[in-house]
Amino acid sequence: MTVSFMKKTIVLGLLAALPACSGGATSTDTQADPSGGFRGTLPPSVADSDKLALQDTKIDYTLALRSAALKLTGNYPTLAEIKQLQSASDQTAVYSQLIDSYINRPTFNQQILQFWRNTFQMGGTLPVQTPTGVVNVNLEFAPTYAAYLIAKGENFSKLVTADTGTCQTYNPATDTFTATPCSNPAAVGILTDQGVQAQFYSAMAFRRVRWFQEALLCSRFPAETTGAKVQYAGGVYNSPWDLKSTSGAINDPKALVDFQDTSSLICANCHSTMNHQAPLFANFGPTGMYVASAIQVKTPVAGNPDSKLVDWIPAGEPLSYRFGQPTPTVKEFGAAMAADPAFKACMATRIWNWAMSRGDVVVDQAILTPDFSAQLTQQVDAKNWNLKEFIRAVYKSAYFIRY
Ligand code: HEC
């Protein structure tokens, strides 16, 4: 079930959940909450979380402080902090000061780095076997750059646009970030990061574009579904791209992979977008290093040949972020992503889900209603993409302090 945070939909969720509860609770319901009630109708993973059942409307600063301290500092509030809050004549003010204090500590930077490691599925080093030996690829730069942008209160959209300073190291002992030279030339935020390219290396660079779509835009492929619906044996094609703009047997009976196949499922629903993007990332090899002279990924057919542009798209097709948005280079691709409202909504949703102990927006489908998502992105706009200030606002929000 999708837990939503709009008051309207909370009520709807409550109503929807009631029959299971009042119309004869099952044993699972009873196990989840012997006292019954709405929480008892939720699966344990939801009911046991501290911030999910937002039918609770009572303000509880002590509980909120506990949840905030765990997330923002990695530890419980101190006894002194709890006492200070409990005895405060103005609890709102003291809670607010404590949140500020948590966000100002070095432990906040460590927590936020951990958050991005978790989000990006990256960290540590990746040993990659090459003909000349094992290369240990640094998988810390991308999460560290994301943490750096937040720690420094910078414009977070630099994540996918910055051309310098993207390869930061972080020393938790001294709480310092240090810029180091990147191994790949012509940085475009984390999109050209060696670690990202190595971690998500795969046939035809598809896992890389999948990662951009899921980690940074918060939804799975298909990413474009606004085309005219055309019924085929295998299903409905609804991508805005012409089916023939992706390589396949209709254009070329000898195409190595038939992305125009519509017999069992419609490859091009996903691959129309993916195939116009992936060649942009095809020159990064298994260790994530950029090789200007040749495509480094393989086409997964007999003999595993190096991919050719025509394996993805017919000659003359524009490399593109989306239909009608040509992006001939990674730099333009990054700019298009930075300008995509879905990117802003995704970053806001990920931070919201973290604060509220919700699941992952892609894996667990812990999405927000469009209305609420729009409210959050307006806040990101109001803070000029400063996500540190956005985080501060989330932890002080009316939602966060209610149980
Ligand atoms: C629902 C979206 C979707 C559909 C439909 C789809 N694909 Fe894919 N395809 C993906 C994604 C995402 C990946 C990357 C998977 C990964 O590596 O994580 C992928 C990967 C691939 C790969 C590379 C596999 C490898 O070995 O790494 C090939 C080849 C491919 N798809 C061909 C096809 C063909 C042919 C069809 C139709 C029969 C098709 N796909 C249908 C989304 C889709």
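Whatever order the structure lists them in is the order used to number ligands and atoms, beginning at 1. Quick note: numbers below take in every heavy atom, side chains included, and nothing from hydrogens, waters or symmetry partners. Quick caveat: nothing in here was measured; it's all calculated off a predicted structure. Numbers for residues simply follow the sequence, beginning at 1.
- Salt bridge status for Arg117 with Glu140: present, with a side-chain N to carboxylate O gap under 4.0 Å.
- With Gln213, Arg210, Met274, Lys298 as candidates, the residue nearest to atom 19 (C) of ligand 1 on a non-hydrogen basis is Met274.
- In terms of protein heavy-atom proximity, atom 8 (Fe) of ligand 1 is nearest to His271 NE2, 2.0 Å.
- For the atom pair CG of Leu85 and CG of Leu65, the computed distance is 5.5 Å after rounding to the nearest 0.5 Å.
- Among all protein heavy atoms, the one lying closest to atom 25 (C) of ligand 1 is Ala203 CB, 3.7 Å.
- Looking at atom 14 (C) of ligand 1, its nearest protein heavy atom turns out to be Phe206 CB, 3.8 Å.
- Closest approach of Tyr201 and Arg207 over heavy atoms only: O-NH1, 3.9 Å.
- The nearest heavy-atom contact from the protein to atom 32 (C) of ligand 1 is Phe259 CE2, 3.5 Å.
- Taking backbone and side-chain atoms together, Cys270 has no N/O/S atom less than 2.8 Å away from atom 8 (Fe) of ligand 1.
- In this structure, the protein non-hydrogen atom closest to atom 29 (C) of ligand 1 is Pro300 CG, 3.6 Å.
- Contacts with ligand 1 closer than 4.0 Å are made by no heavy atom of Asn269, backbone or side chain.
- When side chains are defined from C-beta on, Val94 does not count as touching Tyr61, because their heavy atoms never get closer than 4.5 Å.
- Summary of contacts: the protein heavy atom closest to atom 38 (C) of ligand 1 is Cys267 SG, 2.6 Å.
- Here the straight-line distance linking atom NZ of Lys331 with atom CG of Leu191 works out to 11.5 Å at 0.5 Å rounding.
- Near Ile266, with a cut-off below 4.0 Å to any heavy atom, the atoms of ligand 1 are 5 (C).
- Within the 4.5 Å cutoff, side-chain heavy atoms of Leu376 are placed close to those of Gln379.
- Atom 16 (C) of ligand 1 has its closest protein heavy atom at Arg207 NE, 3.4 Å.
- Taking the centre of each ring, Trp312 and Phe259 stay at or above the 6.0 Å mark.
- Under the 4.5 Å side-chain criterion, counting only non-hydrogen atoms from C-beta, Tyr76 is in contact with Arg66.
- Remark: ligand 1 atoms within the under-4.0 Å shell around heavy atoms of Asp258 are 35 (C).
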